[in-house]
Amino acid sequence: ELLPEHVSGRVIVIPCVSIDASRAYSRLWPSGANMNRSFPGSPSGRPDEQLAHFLSTVLFPVSDVVVDMHSGGRTGLCLPWSEMHWVDDPDQRRRMVDGMFHWNTDWCCVYIDIAGTGLLVGEAERQGKIVVSTELGGGGHVTAEIHRLALSGLRNVLRGFRVIEGEAVTRAQLG
C-alpha cells in the first residue's frame, strides 16, 4: 500500500536479513553466526559480516530513521514492545523516544546491551540515526494480533516521522 507519491524522501525495505535463519525459526545463519552480533561488519568477512558492512557503510549513511523489527523466533516469546537504547545525544534520544511511542505498543523498554556487541541498532545509533526497534511476540509464530500491531505500528512510525502522509495516532487517541 506504500505509494511513491505518498512518500517524502526514500524508504528502503529489507523484509528479512537472513532468509535461511528465518526459515529455521532461528536468529542464527547456517554458519552459526547471529546477524545481530555482526555489526559494523567487514567487507572481507563471513557473509553475515559482509552484509552488516553493506548496511553500515551504504544504507545507514543515507538513512535518517532505521526501523528494526524483531520477534522472539522459536526460542523466545516476548511481550509485544517497542524499545530503544539510552543514547547520549539528547536530540537523538528524544526522537527515539518519540519513535518508540509512535509504535503504540502496550510496553516500551529502554535497555542496555547485556548480550554482547555488534547490534544493528547500536551501529545505526553510533552513526547518529534515529532507531526504532521492536520485539513482537515469538514462539515460532505470529498471531493475527501481532501482525496487525506490526503493520499499524510501522505505519504510525512512518507517519510520525513524516515519511508518509497522515497524522500519527497516539495511545490516548486509541483509548
Side-chain angles (χ1 to χ4, degrees), residues 11-89 92-93 95-103 105-143 146-147 149-151 153-154 157-158 161 163:
V11 175
I12 300 168
V13 178
I14 303 172
C16 179
V17 294
S18 176
I19 299 293
D20 291 333
S22 180
R23 287 185 180 140
Y25 300 104
S26 173
R27 291 179 183 250
L28 303 180
W29 285 44
S31 67
N34 181 340
M35 182 69 191
N36 211 21
R37 298 292 182 268
S38 301
F39 287 84
S42 168
S44 59
R46 301 179 315 252
D48 59 292
E49 292 172 330
Q50 292 177 29
L51 179 54
H53 181 264
F54 174 78
L55 294 172
S56 298
T57 61
V58 176
L59 295 186
F60 292 171
V62 299
S63 302
D64 297 319
V65 178
V66 174
V67 177
D68 186 29
M69 296 169 61
H70 283 254
S71 76
R74 73 171 173 203
T75 58
L77 185 58
C78 302
L79 294 169
W81 68 63
S82 51
E83 63 188 16
M84 63 173 274
H85 286 121
W86 189 265
V87 295
D88 291 334
D89 180 88
Q92 180 187 21
R93 182 174 56 240
R95 296 185 71 209
M96 287 171 57
V97 168
D98 290 345
M100 185 173 61
F101 287 152
H102 286 318
W103 209 278
T105 54
D106 288 339
W107 303 91
C108 296
C109 299
V110 178
Y111 69 100
I112 58 171
D113 291 333
I114 58 170
T117 60
L119 295 178
L120 179 151
V121 295
E123 177 58 24
E125 291 161 355
R126 187 189 67 73
Q127 292 185 29
K129 306 306 173 183
I130 307 309
V131 179
V132 182
S133 187
T134 64
E135 288 287 351
L136 300 172
H141 66 280
V142 177
T143 65
I146 294 292
H147 187 269
L149 177 61
L151 181 59
L154 179 57
V157 166
L158 293 174
F161 287 112
V163 175

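Within the structure, salt bridge (charged side-chain N to carboxylate O under 4.0 Å, His left out) contacts touching residues 13-25 (residues at least two apart or in different chains) do not occur. The side chain to side chain donor-acceptor pair (under 3.5 Å) contacts involving residues 55-64 comprise nothing, where partners must be two or more places apart or lie in separate chains.
A donor-acceptor contact shorter than 3.5 Å links the side chain of Ser133 to the backbone of Asp68.
Interatomic distance, NE2 of His53 versus CZ of Phe39, reported as 11.5 Å (0.5 Å rounding). For the atom pair Met84 CE and Cys109 SG, the distance stands at 11.5 Å (nearest 0.5 Å). Residue Thr105 holds its OG1 atom at 6.5 Å from CG of Leu149, rounded to the nearest 0.5 Å. The line from CD of Glu123 to CG of Asn36 is 12.0 Å long, rounded to the nearest 0.5 Å. Here the CZ atom belonging to Arg95 is positioned 9.0 Å from the NE2 atom belonging to His102, to the nearest 0.5 angstrom.
Looking at heavy atoms from C-beta onward, Val66 lies in side-chain contact with Leu120 at the 4.5 angstrom threshold. Side-chain contact between Asn34 and Trp29 is absent, with no heavy-atom pair separated by less than 4.5 Å. Side chains of Gln92 and Ile130 form a contact here, defined as non-hydrogen atoms less than 4.5 Å apart. Two residues are said to be in side-chain contact when any heavy atoms from C-beta on lie closer than 4.5 Å; Ile112 and Trp86 fail this criterion. Side-chain contact between Phe60 and Val131 is absent, with no heavy-atom pair separated by less than 4.5 Å. Looking only at side-chain heavy atoms (C-beta outward), Leu55 and Ile14 come within less than 4.5 Å of each other. Between Val65 and Val163 the shortest side-chain heavy-atom distance does not fall below 4.5 Å. Using a 4.5 Å cut-off on side-chain heavy atoms (C-beta onward), Arg37 and Leu119 make contact.
The nearest pair of heavy atoms linking Gln50 to Gly45 is NE2-O, 2.7 Å. The two residues Met96 and His85 come nearest to each other via the heavy atoms CE-O, 3.8 Å.
When each of Ser18, Ser38, Ser42 is paired with Asp48, the side chain to side chain donor-acceptor pair (under 3.5 Å) condition holds for Ser38 and for no other.
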Inset, instruction - Dump the intermediate steps for side chain to side chain contact (heavy atoms under 4.5 Å, CB included) on Leu154 and Trp103, then the final yes or no. - result: CA-CA 7 Å; Leu154 179 57; Trp103 209 278; 3.9 Å; yes

Inset, instruction - Mind running side chain to side chain contact (heavy atoms under 4.5 Å, CB included) on Trp107 and Glu135 for me, showing each step along the way? - result: CA-CA 10 Å; Trp107 303 91; Glu135 288 287 351; over 6 Å; no

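Ile146 pairs by the side-chain contact (heavy atoms from CB on, under 4.5 Å) definition with Pro80, Leu136, Val142, Thr143, not counting sequence neighbours.
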